Chemist: 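Dropping the structure in here first, questions after.
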Amino acid sequence: MVVGAGFSGLYMLYELRRRGLTARVLEAGSDVGGTWYWNRYPGARCDVESLDYSYSFDEDLQQEWKWTERYPAQPEIQRYLAHVADRFDLRKDITFDTRVVAAQYDTPSATWTVRTEAGDRLTARYCILATGCLSVPKAPEIPGLDDFRGPVYHTATWPESGVDFSGRRVGVFGTGSSGVQAIPMIAQEAGHVTVFQRTPAFSVPAFNGPLDPEWEREIKTNYAERRRQNRASEAGIVRGDNPQSAHDVDEEQRQREYESRYTKGGFGILGAYADLMADQRANDTVSDFVRQKIRERVTDPEVAERLLPWEYPLGTKRICVDTDYYETFNRDNVTLVDLRRDALETVTANGVRTARGEVELDCLVLATGFDAMTGAVNRIDIRGRDGAVLAEKWGAGPRTYLGLGTAGFPNLFLLAGPGSPSVLTNMVTAIEQHVEWTGRCIEHLRTHGYRTIEPTVEAEDGWVDHVNEVASMTLFPKAASWYLGANVPGKPRIFMPYAGGFATYEKQCDEVAEQDYRGFALK
Ligand code: FAD
Ligand code: N01
C-alpha cells in the first residue's frame with residue numbers, strides 16, 4: 001500500500017508492479033500530481049530544468065515527451081504526470097479523494113492496516129509513505145485573519161477554477177519561492193498589490209523561455225548519460241560544480257564566475273565554489289554579489305534596500321528562481337511593506353493594519369509555506385510494533401535510518417523524507433533512487449523468505465548523529481528555515497534533510513543493500 005500519488009507514489013506503484021507485486025495507492029487529492037495538483041497559483045513552475053525534472057525510468061517516455069519551456073509551469077508538469085499515469089495504466093490502482101488518517105501494524109500477521117477518513121480499512125504487507133515533504137500548508141499564524149471579509153487564498157490550495165484579480169486590491173503575505181513566483185503574475189492583473197514582507201528572499205533570475213530545440217536534441221541523443229551524471233552529482237543535477245574554494249581565486253575572477261553563472265539563470269550559482277555552503281566568508285562573496293544584483297534590478301534605492309536579505313547566508317533557505325520578481329517592485333501598482341520596520345498589528349475586516357496604519361484590501365494571498373518534511377507523516381496516526389506511536393517517537397524531531405525506515409515500525413518505508421537528501425536536491429533524482437532502493441529491498445525480502453524489515457536502534461541512532469554532524473559542518477543551521485522546522489512555532493529545531501550530498505548518500509544506501517541490509521533487522 002502506498003500513500004500519495006505525486007512523483008513518488010506514481011513511480012512506486014510502477015516499480016512494485018514491475019517486480020510482480022500488487023499495490024493500491026491512496027491519495028487525498030482528486031487526481032495524480034501531488035505538489036503539481038495542489039499548487040495551482042499563478043506563476044507556479046519548477047526551478048529545475050524540465051529535461052532534468054522528469055522521470056528517467058523509461059527511455060520511450062523520456063524521448064517522446066516534449067517539454068515546451070526550460071522551466072515548465074504547473075499545468076504542464078501536471079499534464080506530464082497525468083500522461084505518465086495513463087501511459088502506464090496506473091490509475092486503476094489508485095483510489096482518489098481518500099485521506100489516510102491512521103496506520104496500525106499488527107505483529108502476528110506482520111501487516112499494516114490503514115484507516116481512511118471515510119472509515120474504510122485496507123491491509124497490506126508493506127506501507128509506503130509517499131506523502132510529500134511540502135504537502136501540508138502550515139497555519140499562517142496571522143492575527144485577525146478570520147475577521148477579514150474578503151476571500152483568502154493559500155498558494156498550496158489554490159482554487160481549480162483560478163482567481164480573477166482584475167481591478168482588485170490584493171495583499172500578499174510570504175516572500176519565499178511561492179510568493180516570489182506569484183507576486184509578479186498577480187501584479188500584472190490586479191488593481192494594486194501590497195506585499196507584506198517579513199524576511200526578504202535571495203532570488204536569482206530563471207531566464208525562462210521556450211526549450212531550445214538544439215539543447216533538447218543534445219540531451220535526448222544521450223539521455224542515459226545525462227541522467228547518470230545527475231545521479232553522480234551531489235545536488236542530483238549537473239550544474240558544473242567547481243571543486244575550488246572561493247578563496248582560491250581573486251575578487252575579479254570570482255565576480256566573473258558569479259556573473260557567468262547568474263546570466264545562465266537558475267541556481268547554478270550555488271555550484272560556483274565548493275565552500276559556499278560551508279564557509280561564511282566564502283558565502284559572503286556570493287551573497288554580496290546577489291545583493292548587488294537586487295539593487296540593480298530595483299529602481300527606487302529605498303525599496304531595494306528593504307528587499308535585501310541580510311538575515312541568513314545565501315542558499316541556507318532554498319534559493320528562489322524568479323521571473324521579474326524584483327522588477328515587479330518598479331511598478332506603480334505594487335507597494336512593499338517591510339514588516340521588520342512596520343510591525344504587523346492585525347488583519348482587520350477590511351485590510352491589514354501595521355504600525356504605519358491600515359491598508360484596505362479586497363483579498364489576501366497567503367504564500368506562507370508548509371509544515372515541511374514531517375507534517376504529512378505526523379498527521380497520520382501511525383502505530384508500530386508494541387504500540388509505538390510515530391508522532392511521539394518523532395516528538396523531538398524525525399528519527400530514521402537512511403531516511404528510508406524507522407525503528408519500531410517494521411515494513412514501513414518513507415520516500416524522500418527526513419534523513420535523506422530530498423529537498424536539497426533535484427527531487428525527481430532523489431525520488432527515483434528511493435523508489436528503486438525500496439523496490440529492490442522488497443524483492444530481496446520476498447526472494448529470501450523474510451516477512452519483515454526494520455532498522456536497528458543502533459543503526460538509526462548512528463544515522464541521526466551523522467545527519468546532525470554533517471549539517472553542523474555547513475551554514476544551513478544559520479537560517480531560521482523550514483529545513484530546520486523553524487517556520488512552525490513549537491516544532492523541534494532539527495535539520496531534517498541529509499546535507500551530505502546525493503551521490504555520497506546513494507553510495508551508502510547501495511552499500512547497505514549489498515551488505516545484506518546492514519543496520520536493518522530482517523526476519
Ligand atoms: P507530493 O508531490 O507532495 O505528493 C504527495 C501526495 O501525498 C499529495 O498528493 C498528497 O495529497 C498525498 N498525501 C499526503 N498525505 C496523505 C494522506 N494522509 N492520505 C492520502 N494522501 C496523502 N522540487 C524540485 O526538485 N524542483 C522544483 O522545481 C520544485 N518545485 C516545487 C514547487 C512547489 C510549488 C512546491 C510546493 C514544491 C516544489 N518542489 C520542487 C518539491 C516537490 O514537492 C517535489 O519535487 C515533488 O513533486 C514531490 O513529490 P512527492 O510525490 O514526493 O510528494
Ligand atoms: O514557503 P516558504 P514557500 N507573517 O516557507 C512568510 C518549494 N517551492 O511556499 O521567512 C508574515 O519558503 C515567510 O516569512 P519568514 C521550495 O522548496 C519551490 O514559498 O518566515 N510572513 C516566508 O517569506 C520552497 O522552499 C518553488 O519570515 C509569513 C514565506 O511566508 C518550499 O517549496 C515554488 C508568516 C514562506 O516561505 C516552500 O516555499 C514554490 C506570517 N505569519 C515552492 N508566515 C519553485 O520555484 C510565513 N511567512 C521551484
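Since the structure is predicted, the reported quantities are computational estimates derived from the model, not experimental observations. As the structure lists them, so they are numbered: ligands from 1, and atoms in each ligand from 1.
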Chemist: Gly132 heavy atoms, cut-off 4.0 Å: which ligand 1 atoms fall inside?
Modeler: 1 (P), 3 (O), 5 (C), 53 (O)
Chemist: Roughly how far, to the nearest 0.5 Å, is the CG atom of Leu484 from the CE atom of Met496?
Modeler: 7.5 Å
Chemist: Tell me the protein heavy atom at minimum distance from atom 37 (C) of ligand 2, and give that distance in Å.
Modeler: Trp482 NE1, 3.7 Å
Chemist: Out of Phe7, Tyr53, Phe370, who is nearest to atom 45 (O) of ligand 1 when you count heavy atoms only?
Modeler: Tyr53
Chemist: Does the N or O separation between Ser135 and ligand 1 drop below 3.5 Å for any pair?
Modeler: no
Chemist: Look only at interatomic distance and state if Asn487 has a nitrogen or oxygen under 3.5 Å from any nitrogen or oxygen of ligand 2.
Modeler: no
Chemist: Taking salt bridge (Lys or Arg N to Asp or Glu O under 4.0 Å) as the test, write out the residues that go with Glu506, two or more places apart.
Modeler: Arg231
Chemist: Taking the non-hydrogen atoms of Met12, is any one of them nearer than 4.0 angstrom to ligand 1?
Modeler: no
Chemist: Does any N/O atom on Tyr41 come nearer than 3.5 Å to any N/O atom on ligand 2?
Modeler: no
Chemist: Polar contacts were defined as any N/O atom of the residue lying under 3.5 Å from an N/O atom of the ligand; does this apply to Thr199 and ligand 2?
Modeler: yes
Chemist: For atom 20 (O) of ligand 2, which candidate among Arg198, Glu141, Met427 provides the closest heavy atom?
Modeler: Arg198
Chemist: If we set the cut-off at 4.0 Å for heavy atoms, which region of Arg45 has an atom near ligand 2: side chain, backbone, both, or neither?
Modeler: backbone
Chemist: Side chain, backbone, both or neither: which part of Phe370 has a heavy atom under 4.0 Å from ligand 2?
Modeler: side chain
Chemist: Based purely on interatomic distance, does Asn39 place a nitrogen or oxygen under 3.5 Å from a nitrogen or oxygen of ligand 1?
Modeler: no
Chemist: Which one holds for Ala44 and ligand 2: side chain close, backbone close, both close, or neither close, with close meaning a heavy atom under 4.0 Å?
Modeler: neither
Chemist: Using a 3.5 Å cut-off on N or O atoms only, is Ser178 in polar contact with ligand 1?
Modeler: no
Chemist: Closest by any non-hydrogen atom to atom 32 (C) of ligand 1: pick that one out of Tyr71, Trp36, Phe96.
Modeler: Trp36
Chemist: From the options Pro140, Ala486, Gly176, select the one whose nearest heavy atom is closest to atom 36 (O) of ligand 2.
Modeler: Gly176
Chemist: List the residues meeting side chain to side chain donor-acceptor pair (under 3.5 Å) with Asp324, not counting sequence neighbours, and say none if there are none.
Modeler: none
Chemist: Which atom names give the shortest non-hydrogen contact between Ala103 and Val114, and what distance separates them?
Modeler: CB-CG1, 3.8 Å
Chemist: Side chain, backbone, both or neither: which part of Tyr41 comes within less than 4.0 Å of ligand 1 when only heavy atoms are counted?
Modeler: side chain
Chemist: Answer yes or no: does an N/O atom from Cys46 fall short of 3.5 Å to an N/O atom of ligand 1?
Modeler: no
Chemist: Establish, yes or no, whether the cationic atom of Arg318 lies under 6.0 Å from the six-membered ring centre of Trp482 and within 45° of the ring axis.
Modeler: no
Chemist: Using a plain distance cutoff, I'd like to know if Ala416 has any nitrogen or oxygen under 3.5 Å from a nitrogen or oxygen of ligand 1.
Modeler: no
Chemist: Who gets closest to atom 35 (C) of ligand 2 by heavy atom: Ala367, Gly174, Pro489?
Modeler: Ala367
Chemist: What atoms of ligand 2 come closer than 4.0 angstrom to any heavy atom of Lys317?
Modeler: 10 (O)
Chemist: Has Leu134 got any heavy atom lying under 4.0 angstrom from an atom of ligand 2?
Modeler: yes
